[in-house]
Amino acid sequence: MSLNPQERKATTRELQANFALTGLSLAEVATDLGTTEGIIQNVLNLETRHINNPWILRAYLIEKLEGQGVQPVPFSRLVGDPEDYWFLDANLIHNGQIEA
């Protein structure tokens, strides 16, 4: 999935807004996803070479927000089921395995 510059900005804003809504720290998210704060920050900024990582973070944030009874900020490009996209590894995404 290739995003143009406007879509990248929107997706970055959406990820960061949902992260902020959770009230979690980078350290908490990193621990939950078995990675580092730096990698989580990079994914929040869409500075990752692994196409699955934003989808993994998206799923994680939505799960946390729904668990808190908070309505997530809608995503404009990261939509639908990852299994519907041939280029995504749905198993990796559903298992929440951030790639380093």
- Message: Quick check against the 3.5 Å criterion: does His50 have a side-chain atom that pairs as donor or acceptor with the backbone of Ala100?
- Response: yes
- Task: Return yes if a side-chain donor-acceptor contact under 3.5 Å exists between Thr48 and Asn42, otherwise no.
- Result: no
- Does Asp84 have any side-chain contact (heavy atoms from CB on, under 4.5 Å) partners at least two apart in sequence or in another chain, and if so, which? Asp81
Solution key, residues 20-38 side-chain donor-acceptor pairs under 3.5 Å, sequence neighbours excluded:
from  : atom 1 : to    : atom 2 : distance (Å)
Thr22 : OG1    : Phe19 : O      : 2.6
Thr22 : OG1    : Leu24 : N      : 3.1
Ser25 : OG     : Ala27 : N      : 3.4
Ser25 : OG     : Glu28 : N      : 3.0
Ser25 : OG     : Glu28 : OE1    : 3.3
Glu28 : OE1    : Ser25 : N      : 2.7
Thr31 : OG1    : Ala27 : O      : 2.9
Asp32 : OD2    : Tyr60 : OH     : 2.5
Thr36 : OG1    : Ile39 : N      : 3.1

- Task: List for me each residue that meets side-chain contact (heavy atoms from CB on, under 4.5 Å) alongside Ala10, sequence neighbours excluded, and say none if there are none.
- Result: Arg13, Glu14, Ser76
- ILVMFWY cluster, Leu65 and Val79 together (side-chain gap under 4.5 Å): no
- Within residues 41-60 or reaching into it, pairs that qualify as salt bridge (Lys or Arg N to Asp or Glu O under 4.0 Å) - sequence neighbours excluded: none
- Taking it one step at a time, do Leu3 and Leu46 satisfy side-chain contact (heavy atoms from CB on, under 4.5 Å)? CA-CA 10 Å; Leu3 302 175; Leu46 289 183; 4.2 Å; yes
- Task: Applying salt bridge (charged side-chain N to carboxylate O under 4.0 Å, His left out), name anything that partners Glu63, two or more places apart in sequence or on another chain.
- Result: none
- Residues two or more places apart in sequence or in another chain: which of them pass side-chain contact (heavy atoms from CB on, under 4.5 Å) with Gln16? Thr12, Leu44, Asn45
- Task: Report whether Phe75 and Val70 are members of the same hydrophobic cluster (ILVMFWY, side-chain heavy atoms less than 4.5 Å apart, transitive linking).
- Result: no
- Backbone of Pro72 reached by a side-chain donor or acceptor of Asn18 within 3.5 Å: no
- So CD1 of Ile56 and CD1 of Ile40: to nearest 0.5 Å the spacing works out to 9.0 Å
- side chain to side chain donor-acceptor pair (under 3.5 Å) filter on Glu99, not counting sequence neighbours, yields Asn52
Donor-acceptor contacts under 3.5 Å from residues 89-96 side chains, at least two apart:
from  : atom 1 : to    : atom 2 : distance (Å)
Asp89 : OD1    : Asn91 : N      : 3.2
Asp89 : OD1    : Leu92 : N      : 3.1
His94 : NE2    : Glu83 : OE2    : 3.2
Asn95 : ND2    : Asn91 : O      : 3.0

- Shared ILVMFWY cluster between Leu15 and Leu88, side chains joined below 4.5 angstrom? yes
- Message: For a 4.5 angstrom cut-off between non-hydrogen side-chain atoms, does Pro54 reach Thr11?
- Response: no
